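This report concerns only the one structure given below.
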Amino acid sequence: MKKIISLLAACALAVGLLAGCADASKPQSQSNAAMQRYTAAFYDVFDTVTTVIGYSDSQETFDAQVQALHDDLMEYHKLFDIYNEYDGMVNLATVNRTAAQDPVEVDPRIIAMLKEAKEQYKVTHGQTNIAMGSVLVLWHDARDAAVEGVGTPPDPDQLEQASAFTSIDDLVIDEEASTVYFADPNLRLDVGSCGKGYACEMTARNAEQRGLTSALISVGGNLRSIGTKPDGRFWTGGVENPWDPDAMGNTSKTLAAINLTNNAAMVTSGDYQRYFTDADGVRYHHLIDPDTLQPARHCNSVTVITSDSGLADCLSTGLFCMDPAEGLALVESLDNVEAFWCLIDGTTQQSSGFADHMVKN
């Protein structure tokens, strides 16, 4: 299996995973004796580490499931890529390049993701906006230009000029014709706030249809559970401590361990992984506030638990860019959504039902 490797000794690579190998050797119930635990990882989709931990009746069966899961994610990776085009495929890079000229016919999976993103724009009061590409590309370029993590933020005037081309209403979707059109020739899409989570959700659903009944998928820390472990225990994830550099990837230093009930998702947006600093040591992370056009400064991380990884991804981005009080009110108004904030003053905030998902000691 190309680029897919056994990971029995490296479970901690997937950020937030607590379901690693700690209990791999524990005896299972007699009725589940045939189900064995396997782990695999690959590194070539969505520029991150994907880890799959699951139970299967054999290594061969598990490998086949992981290969199919990898192939699904690779397809979404290519479809949602805004920087590179691929032979024989119309993807979002193609859309960004040509959709202002004429409607572009695209794969229905792109249409479905864009429709979901437009809906979440409304839910998050505009804080999750895939039409922010003209602004976000300036921040992307600034991060790429940073030398050893030190760089210069984009010019404020350039950011202000780019913000004139970020109206979600200029993204015109024709579901029946499966086309995308830009009413503004300067519009540019960036689906970093939703693409990975949406792909994780769709891939998990496909895996379930192929017969995978017990697994935990982590796409760069976007967690999606499938079923439970054979003994009935839930899969678990962890809320990382954004204030302790030594805690990153260390499952013993998580702020909270979370039960992921049947087919649940957990996604964290934080300021501690993708960033650069300026010469004065000010950190500029990748989560840009649509109102200020600067990195959002309301909190250090937001973790969302819900039943859909795509929804969790969109919400975690939007909540990160909101005032925490406003964000809490939003979460409390939604069904089957809970959230946990690590605030910039070193305190935490959580929605009313979040504690119900925490592992009890």
Side-chain angles (χ1 to χ4, degrees), residues 12-16 43 46-49 82-83 124 127-130 132-156 158-159 162-163 166 188 190-197 218-222 238-250 253-255 266-304 312-324 327 339-348:
L13 280 173
V15 174
Y43 306 83
F46 291 100
D47 301 316
T48 191
V49 180
I82 64 171
Y83 299 108
T124 63
Q127 297 305 302
T128 299
N129 184 7
I130 61 169
M132 284 277 292
S134 59
V135 169
L136 297 181
V137 70
L138 297 176
W139 284 103
H140 176 273
D141 291 347
R143 285 195 305 275
D144 277 358
V147 178
E148 296 183 351
V150 179
T152 303
D155 180 79
Q158 287 185 304
L159 290 170
S163 70
T166 59
R188 180 186 175 104
D190 185 314
V191 298
S193 60
C194 62
K196 184 173 63 172
S218 171
V219 184
N222 284 34
V239 178
E240 287 194 316
N241 185 342
W243 307 302
D244 182 0
D246 294 332
M248 297 299 104
N250 186 338
K253 293 188 175 184
T254 53
L255 294 177
M266 186 178 89
V267 176
T268 297
S269 289
D271 65 1
Y272 49 88
Q273 289 186 323
R274 294 172 55 195
Y275 65 89
F276 66 92
T277 61
D278 65 13
D280 296 322
V282 177
R283 178 186 293 180
Y284 295 90
H285 60 78
H286 72 293
L287 295 160
I288 305 304
D289 186 330
D291 298 325
T292 66
L293 309 180
Q294 297 290 317
R297 305 294 186 188
H298 301 292
C299 60
N300 297 116
S301 71
V302 178
T303 297
V304 173
D313 205 5
C314 286
L315 286 176
S316 69
T317 301
L319 293 172
F320 190 95
C321 294
M322 286 184 185
D323 175 83
F340 182 94
W341 288 256
C342 292
L343 304 176
I344 56 174
D345 63 0
T347 63
T348 63

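Quick note: residue numbers are just sequence positions, from 1. All figures in this text were calculated on a predicted structure; none of them were measured in a lab. The analysis underlying the following values was restricted to heavy atoms, covering all of them including side chains, and did not include hydrogens, waters or symmetry mates.
Contact between Gly197 and Asp313 at its shortest, heavy atoms only, is N-OD2, 2.9 Å. Between Trp341 and Cys299, the shortest heavy-atom distance links the atoms CD1-SG, 4.3 Å. Here the closest non-hydrogen pair linking Val239 and Phe340 is CG1-CD2, 3.9 Å. Listed here is the closest heavy atom pair of Leu343 and Pro324: CD2-CG, 3.7 Å. In this structure, Thr128 and Ser193 approach most closely via the heavy-atom pair CG2-OG, 3.5 Å.
Separating the OH atom in Tyr272 from the CG atom in Asn241 is a distance of 9.0 Å, to the nearest 0.5 Å. Interatomic distance, Arg188 CZ to Thr166 OG1, rounded to the nearest 0.5 Å: 14.0 Å. The line from NZ of Lys196 to CG of Asp47 is 9.5 Å long, rounded to the nearest 0.5 Å. Going from atom CZ of Arg283 over to atom CG of Asn300 covers 7.5 Å, rounded to the nearest 0.5 Å. Put simply, CG on Asn129 and CD1 on Ile288 are 13.0 Å apart, with the number rounded to the nearest 0.5 Å.
Side-chain contact between Leu255 and Pro242 is present, with heavy atoms from C-beta onward closer than 4.5 Å. A 4.5 Å side-chain heavy-atom check between Tyr284 and Asp278 finds at least one atom pair inside the cut-off. Here the side chains of Met132 and Asp190 are not in contact, with every heavy-atom distance at 4.5 Å or above. Taking 4.5 Å as the limit, every side-chain heavy atom of Leu287 sits out of range of all side-chain heavy atoms of Pro295. For the pair Ile344 and Trp243, the minimum side-chain heavy-atom distance is 4.5 Å or more. Between Asn222 and Val267, the closest side-chain pair of non-hydrogen atoms falls below 4.5 Å. With a 4.5 Å cut-off on side-chain heavy atoms, Cys194 and Ile130 count as touching.
Here the rule is side-chain contact (heavy atoms from CB on, under 4.5 Å) with Gln127, and of Leu319, Thr317, Asp289 only Asp289 fits it.
Remark: the backbone N or O of Ala162 is paired with a side-chain donor or acceptor of Ser134 at under 3.5 angstrom. Formation of a donor-acceptor pair under 3.5 Å by the His286 side chain with backbone atoms of Gln273 is not found in this model.
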Just list the side-chain donor-acceptor pairs under 3.5 Å for residues 135-148, sequence neighbours left out, or say none.
{"from": "Trp139", "atom 1": "NE1", "to": "Leu293", "atom 2": "O", "distance (Å)": "3.0"}

